[in-house]
Each structure stands twice: as structure tokens, then as C-alpha cells.
There are 2 protein chains.
Amino acid sequence: MPDAKGFAAEPRAPEPKALEAKGLESKGLAPAGSNLLFLREEEIRLAQDLLFFAYRDFTNAADLILAELGLGRAHHRALHYIGRNPGISVSELLAILRITKQSLARVLTALVEQGYVAQSPGHADRRQRLLALTQAGQALERRLFERQRERLAAAFREAGGAAVEGFRRVMRGIMDEAGRGYVERSEAAVREPRIRPS
Amino acid sequence: MPDAKGFAAEPRAPEPKALEAKGLESKGLAPAGSNLLFLREEEIRLAQDLLFFAYRDFTNAADLILAELGLGRAHHRALHYIGRNPGISVSELLAILRITKQSLARVLTALVEQGYVAQSPGHADRRQRLLALTQAGQALERRLFERQRERLAAAFREAGGAAVEGFRRVMRGIMDEAGRGYVERSEAAVREPRIRPS
DNA sequence: CCGAACAAGTCAACAAGACTGCCCTAACCC
DNA sequence: GGGTTAGGGCAGTCTTGTTGACTTGTTCGG
């Protein structure tokens, strides 16, 4: 097996892959001035790389624990959003995750069987099965959370508060309307931490 | 099918899911002062949401075109990194994508058969098959790129240059060493655009 | 109060994309 | 010449997504 360690190790310096700017001249280096604010192609392509690497390594962080328990990322996502929205209905969860009923059912069945998630009939509408984490579910979700927290906290610390605010603004802009609405409710809590509990 | 439009529509306002802060008091609201810089738990959880939604919607942007051609996201990733590193070897590409040989082989075989990627034996080491996009491959990659560009450019425009710089700093911090090294070479080009081509 | 609409669960079947383990060929290099 | 490396290939598995059709309760409007 190729050792897989070193794609970034070698600076790829002396012979940088022909370095061709052939074909697509459209990157264009801008009409002379207009440095900042101008969205050059390379800036966008870099962002593609950033999203790919950051998301991959971020999700990887919890995989060890999940693998031990025979669970997958889909289970983690469900745990996360149930934990964040205790008492959420199945269809609300489906709308957040944007997967089909069957995809969720498989995951949810496993989580309920293993005692991580509890279902209770809805108060107003008894057709609903409201979902919440059990004690075990909260404990597991916390273990998983801690792994990802380490990564994010380190990145936030290095980057500084202003950068984090910029990160949030850009990420909000990338996602579509629905997600933006969901996330805005959480963002309010972060921005104005004066709503302390009792 | 549940209409899937509205998970963000209802403000979930009047009865916010029992709102339990039970069990895990560790979110702790901080020792009185220390507002900025302090990494509160909610800040991290919000970032989890941002990563999930932004990455999902970002990748979705190109799916329509891919589906028409019977290709998947794995093909897109390969096209992207071959386009960005013309003449890359198979093992270098494997190290970037961090998938197994077989996973890449399936995707690569399809791309070569359909005329999007060309292979040529390595100059120094003839065991290598150096990869590059054909004309058709460049055209397809560009179509896919444009879709994602729209999203990212809009987000960057709304957020402003400073936010974009913060976004990059945070994303770089989230990914691990290997990816950081790879990305740094691209970042140099973005930050100092004075290396204009001839 | 009845029938349509809805929430949720279920079955069967399928596809993409990742994985493992093993083996092969050709080329490189000591 | 022999061990290592680059790449390819085969066989089988797993997770997570998909579709479509059907059932069982429950709600709600006419």
C-alpha cells in the first residue's frame, strides 16, 4: 500500500507539474487595478479545496469512536440534530438532514434499539413520534462532540475572533436559504450571550 | 412525501422543544466575564451546523450536471484535482483524495473511457501514468466549476474581503497538516497576485 | 361524523462509493 | 538478479443514499 503520509510532504518544488496556464486563460489577473474584492478564479478554486479538506478532516475526527460502536456518520448526524433539538419530530429531522424516510429509518431504528434515542408520542398531535436523546445518547453525543470540538477550538484559537466571525459570514452565505434560516436562530445565541439561564 | 421545503420556515418559536438544559451543565456560560475569545460550546455547535449545511449545499451545486452525464461526486473530485495539477501521478492523486486505489480506479477508468482524462507515461519514471484533462475534460470541469463558483462568489461578495480572509484562516486551521501544506501553495498565489503570467 | 390528508413505519430492490485482501505486470534501482 | 515501487485488476463487503408501494394511526375540514 502506498504509505499515504506524504502528499503534502514534498514541496513539489523543483518540477512543479509543468505549471501550465494553457487552455483557460480566463483567470485573467484582473483589469490592472481592483485588487481587493475582485473575485479571481484562483480564490474560488482555493475555497473548493478548503471546503473539501476541512470538511473531510472535521468529520473524520469522530470516526474512531463511531467505528468502535459499529455506527456511522449518519448516526452521528442524527444524534447531533436530535441533541440540538430535543423533542424534534421525525419529519422535521428529515427536513434538516434532507434524506429520505428510509435512510433515516435505518439509522433511527439502530439508535433506538441501542438505547441512544427515545421516542414519545406528540402531545398536540399524537401521530408524531418526538425524538430525544437518552442519558446514554447524551453521553455518546458528548464524546463525539468533544473530538470535533478539539479541532474547531484549536482552529478558532489560532485564527482569532475576527476571523471566526468572517468564517461564519462566509459559511452562511454558501448554504441555501433553508439552512440559513435554521442556523440564524443558533447564531443569535452566540452573538448575544446575555440571555443567561436564570 | 413530506414537502421538504419548510424546516426553516416555522420559527419554532412559541414552544421551543422543552428547552432542556438538563444533564450537561458543562456549557457553563463562562466564569462571569471573558466575553470575546472565549470558546463557548454553542459557538462550536454552530460551527458544526455551518460545516454540514455549507458543504452539503456547495457539493449539491454541481450535482445536476453530473447526474445528466451519469457521473458522481467522486468523478468531480478527480476532475478537480487533475485539472488543478496537470501531470499528477496516480499515487499523488490518491494521497490528496485519501481513498483507496480501487475506489479511484473505478472513477478514473470511467473518466478515461469517456474521454475526459488522458494518461501518459512518466518521463523520468515510466511506471507512472501521468494524468491530465483532455479538451472535453477541461470543458466539463469548467461547467461544474461555474456552478460552484456562483455560490462561492455570491457568498464572498456578501461577506466582504475581510470575512473571506477569516474564512480561509479558520478552514486552514480545521484541516490537518497534510492538507494545510497542500493548500498553502495555492494560498500564496491568492495573497500575492503579482506573479502575472509573462 | 366521514373521508381526505397527513405522520410515521415498513418492505423490497437498487446504486454509488467507500473498504479489504490478494495477485499480477512492468519498471526501477541497488 | 532480486527486492521495491507504480499501477492495475478481481472478488466481496459495508454504509448510506435512492425509489415506489403499502399499512396504520391520527387529524381535520366539510
Side-chain angles (χ1 to χ4, degrees), chain A residues 1-7 52 55-56 59-60 62-64 66-79 82 87-113 117-131, chain B residues 1-7 10 52 56 59-60 62-63 66-67 69-79 87-113 117 119-131:
Chain A
M1 188 191 291
D3 58 7
K5 66 172 185 312
F7 85 84
F52 174 60
Y55 187 76
R56 184 190 57 186
T59 50
N60 274 349
D63 279 354
L64 274 162
L66 290 167
E68 281 172 17
L69 300 171
L71 301 174
R73 289 180 193 168
H75 301 90
H76 187 188
R77 283 196 288 274
L79 284 175
I82 294 171
I88 192 175
S89 72
V90 171
S91 50
E92 284 176 311
L93 185 53
L94 280 175
I96 291 177
L97 297 173
R98 293 222 210 131
I99 55 178
T100 53
K101 229 190 332 175
Q102 344 305 329
S103 294
L104 181 57
R106 234 177 332 187
V107 162
L108 219 44
T109 303
L111 291 175
V112 169
E113 275 175 1
V117 168
Q119 294 167 310
S120 58
H123 11 272
D125 186 339
R126 280 182 337 220
R127 288 174 302 180
Q128 299 179 328
R129 262 81 160 186
L130 305 188
L131 306 169
Chain B
M1 189 190 292
D3 58 7
K5 66 170 186 311
F7 84 84
E10 333 89 48
F52 174 62
R56 184 190 58 185
T59 49
N60 272 349
D63 279 355
L66 291 167
L69 300 170
L71 302 174
R73 289 179 193 168
H75 303 87
H76 186 188
R77 283 196 289 275
L79 284 175
I88 192 175
S89 72
V90 170
S91 49
E92 285 176 310
L93 185 54
L94 281 175
I96 291 177
L97 296 173
R98 293 222 209 129
I99 56 177
T100 55
K101 230 186 338 170
Q102 341 307 330
S103 294
L104 180 57
R106 229 175 325 142
V107 162
L108 219 44
T109 303
L111 291 175
V112 170
E113 275 175 0
V117 169
Q119 292 168 312
S120 58
H123 12 273
D125 186 340
R126 278 180 341 217
R127 288 174 303 180
Q128 297 179 330
R129 261 82 158 187
L130 304 188
L131 306 169

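First the proteins, then the strands, lettered A, B, ... as listed; each starts at 1.
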Participant: Measure the distance from CG on A:Leu97 to C1' on D:dT16 and round it to the nearest whole Å.
Facilitator: 12 Å
Participant: Looking at every heavy atom in both B:Leu97 and A:Arg56, which two are closest together, and how far apart are they?
Facilitator: O-NH1, 3.3 Å
Participant: How many whole angstroms separate atom CZ of B:Arg73 from atom P of D:dT15?
Facilitator: 20 Å
Participant: Check if the side chain of B:Arg129 and the base of D:dG8 share a donor-acceptor pair of N or O atoms closer than 3.5 Å.
Facilitator: no
Participant: Measure NZ/B:Lys101 against C1'/C:dG17 and give the value in whole Å, please.
Facilitator: 18 Å
Participant: What does A:Ala67 touch in the nucleic acid at a heavy-atom separation under 4.0 angstrom: a base, only the sugar-phosphate, or nothing?
Facilitator: nothing
Participant: Applying a 4.0 Å non-hydrogen cut-off, can you work out what B:Ala105 is touching in the nucleic acid: base, sugar-phosphate, or nothing?
Facilitator: nothing
Participant: Can you give me the closest heavy-atom contact between B:Ile96 and A:Phe52, atom names plus distance?
Facilitator: O-CE2, 4.2 Å
Participant: Side chain of B:His75 only, please: which of D:dT26, C:dA18, C:dG17 is the nearest?
Facilitator: C:dG17
Participant: In whole angstrom, give the distance that lies between atom CD of A:Gln128 and atom P of D:dT27.
Facilitator: 9 Å
Participant: Tell me which nucleotide among D:dT16, C:dA8, C:dT10 gets nearest to the side chain of A:Arg77.
Facilitator: D:dT16
Participant: Confirm from the modelled atom types if A:Arg126 and D:dG25 form a donor-acceptor pair under 3.5 Å, side chain to base only.
Facilitator: no
Participant: Taking only the side-chain heavy atoms of A:Arg127 (C-beta and beyond), determine which of D:dT27, D:dT16, D:dG7 contains the nearest atom.
Facilitator: D:dT27
Participant: If you compare all heavy atoms of A:Arg126 against all heavy atoms of A:Pro121, which two are closest, and at what distance to 0.1 Å?
Facilitator: O-CB, 4.4 Å
Participant: Looking at CD1 of A:Ile82 and CD of A:Glu92, how far apart are the two atoms once the value is rounded to the nearest 0.5 Å?
Facilitator: 12.0 Å
Participant: Among C:dG9, D:dT18, D:dA6, which is the nearest nucleotide to the side chain of A:Thr100?
Facilitator: D:dT18
Participant: Does A:Ser103 place a side-chain N or O at less than 4.0 Å from the phosphate oxygens OP1/OP2 of D:dT18?
Facilitator: yes
Participant: Where do A:Val107 and A:Ala74 come nearest, in terms of heavy atoms and distance?
Facilitator: CG2-CB, 3.6 Å
Participant: Should A:Ser91 be listed as having a side-chain N or O under 4.0 Å from OP1 or OP2 of C:dA8?
Facilitator: yes
Participant: Whole Å only: how far is the CD atom of A:Glu113 from the P atom of C:dG9?
Facilitator: 13 Å
Participant: The side chain of B:Arg106 is closest to which nucleotide in this list: C:dA18, D:dG7, C:dT10?
Facilitator: C:dA18
Participant: Here's a test of your reading of the structure: between A:Gln102 and B:Asp125, which maps to the more 5' nucleotide of DNA chain C?
Facilitator: A:Gln102
Participant: Nearest whole angstrom, please: distance from the P of D:dG7 to the CD1 of B:Ile99.
Facilitator: 14 Å
Participant: Given atom CG of B:Asp63 and atom P of D:dG17, what is their separation to the nearest angstrom?
Facilitator: 13 Å
Participant: Measure from CG on A:Leu94 to C1' on C:dA8 and round the result to the nearest Å.
Facilitator: 9 Å
